[in-house]
Amino acid sequence: QVHLRESGGGLVQAGGSLRLACATSGIMFRINTMNWARQLPGKQRELVANITSGRVANYADSVKGRFTISRDNIRNTLYLQMDSLRPEDTGVYYCNTFLRGRNFWGQGTQVTVSS
């Protein structure tokens, strides 16, 4: 069974940093493209970043230059390093992958950036 679990969220001041982690099990992590998404207050969930099995990364324009996605294929863990955080980054962050014909999501971790 597929399990994704995010951690590392919290409360930071504008300009600060957080490192999110997504621990996975039940997937062939090494061969899957992995994604980070977020849901901002009152908004629909949006994709933030993804990384392929070959460690090619893509980012939403809103986070380019500030966020870095990475993966540890030994520990089956996905990361999102978030720097220069802004209040508008506040929301719930999720990891995600697609396999066996459907999307899988974690439960999310709350990120709050104060002004």
Side-chain angles (χ1 to χ4, degrees):
Q1 294 177 337
V2 175
H3 294 283
L4 310 176
R5 184 169 179 83
E6 302 90 343
S7 62
L11 174 64
V12 297
Q13 292 184 319
S17 297
L18 287 171
R19 190 190 192 208
L20 307 184
C22 173
T24 76
S25 63
I27 68 172
M28 293 293 291
F29 182 84
R30 187 180 301 271
I31 66 172
N32 273 278
T33 293
M34 299 296 299
N35 313 294
W36 284 102
R38 67 187 182 186
Q39 188 163 15
L40 306 182
K43 301 292 186 179
Q44 294 193 147
R45 194 172 297 181
E46 64 185 28
L47 294 175
V48 174
N50 62 48
I51 184 167
T52 70
S53 62
R55 292 188 167 88
V56 177
N58 288 302
Y59 300 92
D61 287 342
S62 58
V63 307
K64 283 181 180 176
R66 301 188 297 121
F67 291 11
T68 304
I69 189 171
S70 62
R71 63 194 299 157
D72 184 335
N73 288 346
I74 301 301
R75 297 174 175 83
N76 295 332
T77 301
L78 178 73
Y79 298 97
L80 186 68
Q81 177 68 42
M82 305 187 295
D83 299 316
S84 301
L85 282 162
R86 304 165 180 169
E88 52 263 45
D89 294 318
T90 293
V92 181
Y93 285 70
Y94 302 87
C95 63
N96 156 256
T97 194
F98 180 85
L99 77 163
R100 297 196 292 271
R102 71 185 193 95
N103 279 296
F104 293 87
W105 299 89
Q107 295 298 307
T109 186
Q110 175 71 41
V111 171
T112 303
V113 185
S114 65
S115 300

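Note that the coordinates shown come from a computational prediction; the quantities given were computed from them, not determined experimentally. Numbers for residues simply follow the sequence, beginning at 1.
Shortest non-hydrogen contact noted between Cys22 and Leu4 is SG-CB, 4.0 Å. Shortest non-hydrogen contact noted between Ser17 and Val12 is O-CG1, 3.8 Å. Nearest heavy-atom pair across Asp72 and Ile74 is OD1-N, 2.9 Å. Ser53 and Arg30 make their closest contact through CB-O, 3.2 Å (heavy atoms, listed as atom of the first residue, atom of the second, distance).
The closest side-chain heavy-atom distance from Glu6 to Leu20 is not below 4.5 Å. A heavy-atom distance below 4.5 Å is found between the side chains of Phe29 and Arg71. You'll find the side chain of Thr109 stays beyond 4.5 Å of the side chain of Ser7, heavy atoms only. Two residues are said to be in side-chain contact when any heavy atoms from C-beta on lie closer than 4.5 Å; Gln110 and Thr90 meet this criterion.
Note that CG of Asp83 and CZ of Arg19 are 11.0 Å apart. Values are rounded to the nearest 0.5 Å. One finds the CZ atom of Phe67 at 5.0 Å from the CG atom of Leu85 (value rounded to the nearest 0.5 Å). Rounding to the nearest 0.5 Å gives a distance of 14.0 Å between CD1 of Ile27 and CD of Gln1. For the atom pair Ser70 OG and Leu78 CG, the distance stands at 7.0 Å (nearest 0.5 Å). Atoms CD1 and CD, on Ile69 and Gln81 in that order, are 12.5 Å from each other to the nearest 0.5 Å. Distance OG1/Thr52 to CD1/Ile31: 12.5 Å, rounded to 0.5 Å.
Residues satisfying the side-chain contact (heavy atoms from CB on, under 4.5 Å) criterion with Thr77, sequence neighbours excluded, are Ala21, Arg75, Tyr79. The salt bridge (charged side-chain N to carboxylate O under 4.0 Å, His left out) check on Lys64 picks up Asp61, with sequence neighbours excluded.
For Gln107, the CD atom counts as loosely surrounded, since its 6.0 Å shell holds 12 or fewer non-hydrogen atoms of other residues, nucleotides or ligands. Atom CZ of Arg5 has 12 or fewer neighbouring heavy atoms from other residues, nucleotides or ligands inside a 6.0 Å radius.
Panel note: side chain Asn32, backbone Met34; no donor-acceptor pair is recorded below 3.5 Å.
Under the 4.5 Å side-chain heavy-atom criterion for ILVMFWY residues, no single connected hydrophobic cluster contains both Ile51 and Leu47. Trp36 and Tyr59 fall within the same hydrophobic cluster, where Ile, Leu, Val, Met, Phe, Trp and Tyr residues are linked whenever their side-chain heavy atoms come under 4.5 Å apart, directly or through other members.
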Side-chain donor-acceptor contacts of residues 91-100 below 3.5 Å, not counting sequence neighbours, with atom names and distances?
residue	atom	partner	partner atom	Å
Tyr93	OH	Arg38	NH1	2.9
Tyr93	OH	Asp89	O	2.7
Asn96	OD1	Asn35	ND2	2.6
Asn96	ND2	Asn103	OD1	3.2
Asn96	ND2	Phe104	O	3.0
Thr97	OG1	Thr33	O	2.9

